[in-house]
Amino acid sequence: MRKIIHVDMDCFYAAIEQRDNPELKGKPIAVGGSDKRRGVIATASYEARKYGIKSALATSVAKKKCPRLIIVPPRFDVYKSVSKHIREIFHRYTDLVEPLSLDEAYLDVTENKLDMKSAILIARRIKEDIERELNLTASAGVSYNKFLAKVASDYNKPDGLTAILPEKAQSFMMDLPIEKFFGIGQATARKMHRLRIKKGVDLKRMSKIELGQHFGKNGQFYFDIVRGIDNREVDPDRVTKSISEETTFAEDKVLESEILAVLKKQSNNLSAKLVKNKIKGKTFVLKVRYKNFETITRNKTIDFFTDEADHIYKSIEKLYKALKNEREVRLLGVGMTNLDTELDGVQLTLDL
Ligand code: DCP
Ligand code: MG
């Protein structure tokens, strides 16, 4: 039986800003772009979350929800250095650390550098290290696989420490809303709700065949996960899974010719990034955010890996034209996933 910990910092950017500026403590703050520049919120303090302020919300909308919200511009250098420090802390316990983003990571502590038996104790020590050395709090989850560890860290935020022991996993899962299941995003959740799947218990009633019919390959994964089965390993060499270019406009764009020109430029930039990092990919992603902040993505997979701007643009152009858009667009993005870095096991540090 493995011992997996998932650590996730609380209100990461916002907590750092409140730590470094006492005037912001106890107040509703959000880190993000200014409403004057059509910015969006990266994250919000707990005081602000009460008003429904959350990641990806347009700052202008956030200010309407909470007029005394304080908007703080991001300081990515500081977040990166904090991130580096927490990773150093993780590595005191194990080198099997798989970062998922700046503020979260999986650790496999089945065997660990301090020969500690209890993963719960290790999680507590990590939280204490973080608090003492960085004056920030993290939430941790402990279990026997990645999925359960992640669900556990989210269970009691902030400053939480939750363990899901094998004998408790089943009952825990039955009550879990399906939105919290790994890999189930908003669209899948809506589809599940239509099928009257609301919680783990409903999901477990579905046969493997039914799930396959409705959700394809992912159905198999959901079938396993609701039974507490997740054999994914903690992979310290996991590389970036996607790479993208995004632009938010100062003024909305409607003209197709103008939009395609932007997409072409983004395809060129993306290609340059891919070439620079010696990466190729085969799934192109188009992202469009409309004036009303509605955001859609469309993707297309080709059967070979490429880094060429022409290949990228040709697919992106088709995807865009298929939208038959006449709406005002505030943001465009071009991205690539299904990268060949997932094949060769070489760790890449991307400077994005
Ligand atoms: N972030 C972002 N845009 C998003 C989501 C997150 O820029 N759409 C950034 C800001 C967050 C950080 O990534 O501080 C970590 O993301 P989390 O989802 O872990 O959110 P928080 O750490 O802010 O809050 P929580 O306490 O819920 O983990
Ligand atoms: Mg976090």
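Whatever order the structure lists ligands and atoms in, that order sets their numbers, starting from 1.
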Hey, is [X] close enough to [Y] for a salt bridge, meaning N to O under 4.0 Å?
X	Y	value
Glu317	Lys264	no
Asp252	Arg327	no
Lys150	Glu104	yes
Lys146	Asp108	no
Asp175	Lys199	yes
Glu133	Arg92	yes
Lys80	Asp77	no

Hey, does [X] sit under 4.0 Å from ligand 1 if you only count heavy atoms?
X	result
Phe76	no
Glu104	no
Lys54	no

ask   = Would you say Ser45's side chain and Ala14's backbone share a donor-acceptor pair under 3.5 angstrom?
value =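 No.
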
[X] neighbourhood, listing ligand 1 atoms whose heavy-atom distance to it stays under 4.0 Å:
X	answer
Tyr46	26 (O)
Asp8	19 (O), 28 (O)
Met9	22 (O), 25 (P), 26 (O), 28 (O)
Phe12	14 (O), 21 (P), 22 (O), 23 (O)
Arg49	21 (P), 23 (O), 24 (O), 25 (P), 26 (O), 27 (O)

Is [X] in polar range of ligand 1, meaning some N or O pair under 3.5 Å apart?
X	value
Asp10	no
Ser55	no
Ala56	no
Cys11	yes

query = Is there at least one protein heavy-atom neighbour under 4.0 Å from atom 21 (P) of ligand 1?
reply =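 Yes, there is a protein heavy atom closer to it than 4.0 Å.
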
inquiry  = I'd like to know whether Asn112 forms a side chain to side chain donor-acceptor pair (under 3.5 Å) with Thr94, so could you lay out the CA-CA distance, the side-chain angles of the two residues, the decisive distance to 0.1 Å, and finally the verdict.
reply    = CA-CA 5 Å; Asn112 57 78; Thr94 177; over 6 Å; no

Please state whether the separation between the Mg ion (ligand 2) and some N/O/S atom of [X] is under 2.8 Å?
X	value
Met9	yes
Asp10	no
Asp8	yes

task = Quick one: look up the protein heavy atom nearest atom 23 (O) of ligand 1 and list residue, atom name and how far away it is.
result =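 Of every protein heavy atom, Thr43 OG1, 2.5 Å lies nearest to atom 23 (O) of ligand 1.
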
query = Any idea which part of Glu17 is under 4.0 Å from ligand 1, heavy-atom wise: side chain, backbone, both or neither?
reply =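 No part of Glu17 comes within reach of ligand 1.
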
